[in-house]
Amino acid sequence: MTARAPRARQRRLLALTTAALLVLSVAAVGTLALAVGWPEQPTRQSGLALTSATATTPVVAVRGAQLVDRRTGERVELLGANWPGFEYACIQGRGHNDGGDVDAAVAAMTEWGMTAVRVPLNQDCWFDERPASAFGTGAEYRATLREWVARLTDAGLVVILDLHWSAPTGVAADGLRPMPDARSITFWSDVAGEYRKHRGVLFDVFNEPHSRVDPVTGAAVFALDWSCWAEGGCSAPVENDRSASLSGQTYVTVGMNALVDAVRSAGATQPIVLGGLDYANDLRGWAAAAPDDDQLIAGVHLYPSKRCGDSACWARELEPLASEVPLLVAEFGQSDGGDAFVRAAWDWAEDHAVGALAWAWWDITDDTSPDARFALVEGEQFAPRAPSGTAVRELLAD
């Protein structure tokens, strides 16, 4: 375990050395790479040039149970927040995202001390063939995302692109589905193909795999297990997880193996985040079921309402896995008006994980919204909002 104060000093040192990296030529970077000795390339694909579209962003790679910058061999920590908007605004016909993709937001993120941002996406909105209700065109959506990714990575922030909302053909991607569908393979082939040379961009291939019960009867209708998680081939309800009723229609799921294959077949060698069962809260079978790829990160979501929601469970179930592979707290948050859980999850992650990303970088002016207490920021300058935002800002500064 590493003490929090030294790790904060490491982050400040990394910020100071970032400027120096800008003056390195491509040849010098390559020479340094040969000197430090990097991990082997993933077994599923031939290696590409180890480049990044942004000189200031780490070239992230898995080395054992840690993440490193391939240019320097230094440890990389993914500390920051989720930036929602691209997953829901477009499919709701309101815009490509929910706004806030501005320089002031990036300035606030870097001033807070963030090193990474997770950006949730919508499967339908990525494509040119999309529901009529979706805003704009697929080309415009992709271009807007490209511009936002560039702003973030130009500031030295690692970006994690996350497939958040999806749906099978003929159904609008209007919320969370239990598992990926056949179009998710095409989605990741396209996304990975576009970002394959941008080594400051990582991929979280499916947000929150989960089982489903009938919201009317409470009866189980889809029980997700690790075999289905890995291989797919199961039948899941077509409705999103907030639907008031189920139609009985199902779709055939695809598994994590197929999504990892889609990314690698597109030529992308970046690390891939895989969340576990029960809305990414259960990682007990992750090690045995994960695809054969040495650039994988185990993703966990921590909320006080979930089964594994305290330090005892984290010690029992997550710490053994975190000693074998990089474990990222891809989401954590609290919405009951306090910040004790936010602080506990952060403290645990600092000692055992490769990073923690708070939910969520929102400015919500409607205090009656169920999402308002998750909001980390407020105002045009993105000031930290109490209690979660002020807690995260403080923790990043420690």
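For this chain, numbers begin at 1 and follow the sequence in order.
Contact of the L145 side chain with the L161 side chain is registered, since non-hydrogen atoms from C-beta on lie closer than 4.5 Å. At least one side-chain heavy atom of R151 sits less than 4.5 Å from a side-chain heavy atom of D103. In this structure, F332 and V300 have side chains that are not in contact, with every pair of non-hydrogen atoms separated by 4.5 Å or more. Considering only heavy atoms from C-beta on, L67 comes within 4.5 Å of V62 through its side chain. Looking only at side-chain heavy atoms (C-beta outward), K306 and D278 come within less than 4.5 Å of each other. By the 4.5 Å heavy-atom criterion applied to side chains, P178 and Y251 are counted as neighbours. Inter-residue side-chain proximity for R373 and P387 is flagged as unmet; no heavy-atom pair is nearer than 4.5 Å.
S388 and Q334 share no side-chain donor-acceptor pair at under 3.5 Å. Neither side chain, N207 nor E87, offers a donor N or O lying under 3.5 Å from an acceptor on the other.
None of R196, R199, R264, Q295 except one satisfies the side-chain hydrogen bond (donor to acceptor under 3.5 Å, both in side chains) rule with T269; the exception is R199. For the side-chain contact (heavy atoms from CB on, under 4.5 Å) test with C308, the passing option among E317, H301, R316 is E317; the others fail. Checked against Y279 for a side-chain contact (heavy atoms from CB on, under 4.5 Å), the options E331, H210, R307 give a single hit: H210. Checked against W148 for a ring-ring contact (aromatic ring centres under 6.0 Å, His included), the options F86, W83, Y141 give a single hit: W83.
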Apply side chain to side chain contact (heavy atoms under 4.5 Å, CB included) to D241 and E208, showing your working.
-> CA-CA 11 Å; D241 72 337; E208 291 183 334; 5.8 Å; no

Kindly determine whether F341 and W314 satisfy ring pair (Phe, Tyr, Trp, His ring centres under 6.0 Å), including the steps that lead there.
-> CA-CA 13 Å; F341 182 87; W314 305 338; 5.7 Å; yes

For R385 and D371, run salt bridge (Lys or Arg N to Asp or Glu O under 4.0 Å): C-alpha distance rounded to whole Å, both residues' side-chain angles, the deciding distance at 0.1 Å, then the answer.
-> CA-CA 13 Å; R385 172 176 174 150; D371 295 317; over 6 Å; no

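Smallest separation of non-hydrogen atoms from I297 and P271: CD1-CB, 3.8 Å. When all heavy atoms of M179 and P209 are compared, the pair lying nearest together is SD-CB, 3.9 Å.
Aromatic ring pairs are classed by plane angle as parallel below 30°, tilted from 30° to 60° and perpendicular above 60°; the pair W362 and W359 is perpendicular. Ring geometry, F374 versus Y303: the interplanar angle exceeds 60°, so the pair is classed perpendicular (tilted spans 30 to 60°). Ring pair F135/H96 is perpendicular by interplanar angle, where above 60° counts as perpendicular and below 30° as parallel. Ring-plane geometry between W165 and Y88 is classed as tilted, the angle between the planes lying from 30 to 60 degrees on a 0 to 90 degree scale.
Using a distance-only test at 3.5 Å, with no hydrogens or angles considered, no donor-acceptor pair links the side chain of S166 to the main chain of P180. For the pair T137 (side chain) and E140 (backbone), a donor-acceptor distance under 3.5 Å is present.
Residue-environment remark: CD (Q92) exceeds the threshold of 12 foreign heavy atoms within 6.0 Å.
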